Amino acid sequence: MVLASPNPIRSEGILPSNELIPVVDLTAERSEVAKLIVKACEEYGFFKVINHGISHEVISKTEEAGFSFFEKPVAEKRVAAPAYGCKNIGLNGDMGEVEYLVLGATTHSIAQISKTVSTDPLNFSSTLSAYTEAVRELACEILELIAEGLGVPDTRAFSRFIRDVDSDSVLRLNHYPPIINKDKDMSQYSKVGFGEHSDPQIITILRSNDVGGLQISLQDGVWIPVTPDPSAFYVNVGDVLEVMTNGRFVSVRHRAMTNSYKCRMSVAYFGAPPLHATIVAPSVMVTPQRPSLFRPFTWADYKKATYSLRLGDTRIQLFTNRLTTNHHPKV
């Protein structure tokens, strides 16, 4: 089921709830699910997935493994650098109230990092590898549903990028400690944990514990808080998918706020192409009425641009096709 979409929001501020966010039940009739996912990606670039088929055991073991790492003394966590980081986000001065662990989303990469982050590396590695495999398959299923919903003849046109053995996909665990300040009204006090940005990859599969903090923006200055649901996954359209749909989908901007009293942990799978892959929309997405909005580029090109800019900068505009965008505004 997908909830009805609202009228465009024109005021600024934070909305009181996330009742507007689409919810997709993957056990519904396939063609209908495909249509609903496409609609959610066009209007929001974001939706919630229920009945996703990933077992509670896989999810809970991953959460336990994450908390077991973040509960360690800072000196022990720093041994895992550069996979581990605290407060610094990227290379250009962005800061946030967050600590994180970043792993390449392959069995080999996870096994190597596990040796430095856990006293039981085999268990840690097998736990995160099982989770990564499960969310990768979920991401591929969603991408293939998207291709079907868009009428792309090759239904693996998007998913083959993250199925590729050279995929540059990443698993990231974010930990947001509670903000403690006795001089403040803590019921209203929070800080930016991870600042406003869009995800550069193809698709993000996100899950958090039962503590809120995620917010999405449908328009500059308007934020929708996302109520946490530990049994569900949230899906973000990334910059690359916006390009591969020739601008039909929206790469959603989002941020994470801290909680006053409780720690929040999220686990995000970022499905990315191989570095050498050329990013271009399938031919069916380009028509005389909607010419190509973006020039071809490789994921390596885009990744380099991502790391050269600040977190909140818009990267996708660097790769627009100037011959068409001046005559074809995005809808």
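All values below come from the heavy atoms of this structure, side chains included, with hydrogens, waters and symmetry mates left out. These numbers come from a predicted model, not from an experiment.
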K.L.:
Could you tell me if the side chain of Val267 sits less than 4.5 Å from the side chain of Ser208, heavy atoms only?
P.N.:
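No, too far: nothing below the 4.5 Å cut-off.
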
K.L.:
Ignoring hydrogens, what is the shortest heavy-atom contact between Ala272 and Gln201? Give both atom names and the distance.
P.N.:
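Scanning both residues completely, I find the closest heavy atoms to be CB-CG, 3.6 Å.
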
K.L.:
I'd like to know if the side chain of Arg253 reaches the main chain of Ser217, judged simply by a donor and an acceptor atom lying under 3.5 Å from each other, with no hydrogens or angles considered.
P.N.:
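Checking the backbone N and O of Ser217 against the side chain of Arg253, no donor-acceptor pair under 3.5 Å is found.
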
K.L.:
With a sphere of 6.0 Å drawn around CD of Glu133, does it hold more than 12 non-hydrogen atoms of other residues, nucleotides or ligands?
P.N.:
no

K.L.:
Any side-chain donor-acceptor pair under 3.5 Å between Ser198 and Arg315?
P.N.:
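The answer is yes; a qualifying pair exists.
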
K.L.:
Could you pull out all residues at least two apart from Arg160 that satisfy side chain to side chain donor-acceptor pair (under 3.5 Å)?
P.N.:
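Once residues adjacent in sequence are excluded, the partners of Arg160 under the side chain to side chain donor-acceptor pair (under 3.5 Å) criterion are Asp154.
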
K.L.:
Under 3.5 Å, is there a donor-acceptor pair between the Ser251 and Asp239 side chains?
P.N.:
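The answer is yes; a qualifying pair exists.
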
K.L.:
Assess, by modelled atom type and distance only, whether the side chains of Asn259 and Tyr176 contain a donor and an acceptor separated by less than 3.5 Å.
P.N.:
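The criterion, which ignores hydrogens and geometry beyond distance, is not satisfied for Tyr176 and Asn259.
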
K.L.:
Going from OG on Ser266 to CG on Leu173, what distance comes out if it is rounded to the nearest 0.5 angstrom?
P.N.:
7.5 Å

K.L.:
Is atom NZ of Lys303 surrounded by more than 12 heavy atoms (other residues, nucleotides or ligands) closer than 6.0 Å?
P.N.:
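Count over threshold, so yes.
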
K.L.:
To the nearest 0.5 Å, how far apart are OG in Ser114 and CG in Leu103?
P.N.:
7.0 Å

K.L.:
What closest approach, in Å, do Glu144 and Thr155 show between heavy atoms, and which atom pair accounts for it?
P.N.:
CG-O, 3.2 Å

K.L.:
Any side-chain heavy atom of Phe67 within less than 4.5 Å of one from Cys263?
P.N.:
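Yes, side chains in contact.
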
K.L.:
Write out all pairs satisfying ring-ring contact (aromatic ring centres under 6.0 Å, His included) with one or both partners inside residues 80-119, taking only residues at least two apart or from two chains.
P.N.:
Phe69-Tyr84

K.L.:
Hey, does the side chain of Ser125 reach the backbone of Leu122 with a donor-acceptor pair shorter than 3.5 angstrom?
P.N.:
no

K.L.:
With a 4.5 Å heavy-atom cut-off, do Phe161 and Leu143 have their side chains touching?
P.N.:
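With C-beta onward as the side chain, the pair stays apart.
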
K.L.:
Between atom CG of Leu26 and atom CD1 of Ile50, what is the distance when rounded to the nearest 0.5 Å?
P.N.:
8.5 Å

K.L.:
In terms of side-chain geometry, is the basic nitrogen of Lys35 or Glu29 positioned less than 4.0 Å from the acidic oxygen of its partner?
P.N.:
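No, this pair does not count.
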
K.L.:
Determine, stepwise, if the pair Asp301 / Thr298 fulfils side chain to side chain donor-acceptor pair (under 3.5 Å).
P.N.:
CA-CA 5 Å; Asp301 294 334; Thr298 67; 3.0 Å; yes

K.L.:
Keeping the roles fixed (side chain from Tyr44, backbone from Leu20), state whether a donor-acceptor pair exists under 3.5 Å.
P.N.:
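Between the backbone of Leu20 and the side chain of Tyr44 there is a qualifying donor-acceptor contact (under 3.5 Å).
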
K.L.:
Fit a plane to each ring of His175 and Phe70, take the angle between them on a 0 to 90° scale, and name the class: parallel (under 30°), tilted (30 to 60°) or perpendicular (over 60°).
P.N.:
parallel

K.L.:
What I'd like to find out is whether the side chain of Arg163 reaches to under 4.5 Å of the side chain of Glu137, using heavy atoms alone.
P.N.:
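Arg163 vs Glu137: side chains touch.
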
K.L.:
Do Asp229 and Lys48 touch side chain to side chain, with heavy atoms closer than 4.5 Å?
P.N.:
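Touching, per the 4.5 Å side-chain cut-off.
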
K.L.:
Evaluate the criterion salt bridge (Lys or Arg N to Asp or Glu O under 4.0 Å) for residue pair Glu242 and Arg248; output intermediate values, then yes/no.
P.N.:
CA-CA 7 Å; Glu242 180 171 335; Arg248 275 187 62 175; over 6 Å; no

K.L.:
Below 4.0 angstrom, N of the basic side chain to O of the carboxylate: do Glu148 and Arg30 qualify?
P.N.:
yes

K.L.:
Show your working on side chain to side chain donor-acceptor pair (under 3.5 Å) between Ser118 and Asp120 and close with a plain yes or no.
P.N.:
CA-CA 5 Å; Ser118 176; Asp120 187 357; 5.7 Å; no

K.L.:
Show your reasoning for whether salt bridge (Lys or Arg N to Asp or Glu O under 4.0 Å) applies to Arg310 and Glu196.
P.N.:
CA-CA 10 Å; Arg310 296 293 298 268; Glu196 177 182 352; over 6 Å; no

K.L.:
Step by step, would you call Glu99 with Arg78 a salt bridge (Lys or Arg N to Asp or Glu O under 4.0 Å)?
P.N.:
CA-CA 11 Å; Glu99 59 176 344; Arg78 284 179 175 163; over 6 Å; no

K.L.:
Evaluate Tyr234 against Phe46 for ring pair (Phe, Tyr, Trp, His ring centres under 6.0 Å), listing each step before the verdict.
P.N.:
CA-CA 7 Å; Tyr234 290 90; Phe46 184 86; 5.5 Å; yes

K.L.:
Do you know which two heavy atoms are closest between Ala65 and Phe124, and how far apart they sit?
P.N.:
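Residues Ala65 and Phe124, closest heavy atoms: O-CE1, 3.6 Å.
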
K.L.:
Would you check, one step at a time, whether the test side-chain contact (heavy atoms from CB on, under 4.5 Å) holds for Leu138 with Val235?
P.N.:
CA-CA 10 Å; Leu138 176 59; Val235 180; 5.9 Å; no

K.L.:
Apply the test ring pair (Phe, Tyr, Trp, His ring centres under 6.0 Å) to residues Phe319 and Phe294: give CA-CA distance (whole Å), side-chain angles for both, the deciding distance (0.1 Å), then the verdict.
P.N.:
CA-CA 6 Å; Phe319 297 87; Phe294 304 94; 8.9 Å; no

K.L.:
Are Arg207 and Pro230 close enough that some pair of their side-chain heavy atoms sits under 4.5 Å apart?
P.N.:
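SC-SC contact between Arg207 and Pro230 confirmed.
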
K.L.:
Using the rule that two of Ile, Leu, Val, Met, Phe, Trp, Tyr join whenever any of their side-chain heavy atoms come within less than 4.5 Å, decide whether Phe194 and Ile216 are in one cluster.
P.N.:
no

K.L.:
Examine distances only and state if a side-chain atom of Asn92 and a backbone atom of Tyr307 form a donor-acceptor pair shorter than 3.5 Å.
P.N.:
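Yes, because the side chain of Asn92 sits within donor-acceptor range (under 3.5 Å) of the backbone of Tyr307.
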
K.L.:
Among the clusters formed by ILVMFWY side chains lying less than 4.5 Å apart, do Met257 and Leu311 turn up in the same one?
P.N.:
no

K.L.:
Of all heavy-atom pairs between Ala157 and Val152, which one has the smallest distance, and what is that distance?
P.N.:
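Taking every non-hydrogen atom into account, CB-CG1, 3.9 Å.
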
K.L.:
Return the minimal non-hydrogen interatomic distance between Leu101 and Ala80, and the atom names on each side.
P.N.:
CD1-CB, 4.5 Å

K.L.:
Which heavy atom in Ser109 sits nearest to a heavy atom in Gly104, and how many Å separate them?
P.N.:
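Smallest interatomic distance, heavy atoms only, reads OG-N, 3.2 Å.
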
K.L.:
Is it the case that the side chains of Asp94 and His197 hold a donor-acceptor pair, with the cut-off being a distance below 3.5 Å and no angle test?
P.N.:
no

K.L.:
Tell me which one of Val237, Ile279, Leu241, Val243 satisfies side-chain contact (heavy atoms from CB on, under 4.5 Å) with Ile202.
P.N.:
Leu241

K.L.:
Is there side-chain contact between Ile203 and Asn236, with heavy atoms separated by less than 4.5 Å?
P.N.:
no

K.L.:
With the side chain counted from C-beta on, respond yes when Asp199 and His254 share a heavy-atom pair under 4.5 Å apart, and no when they do not.
P.N.:
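Sidechains of His254 and Asp199: in contact.
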
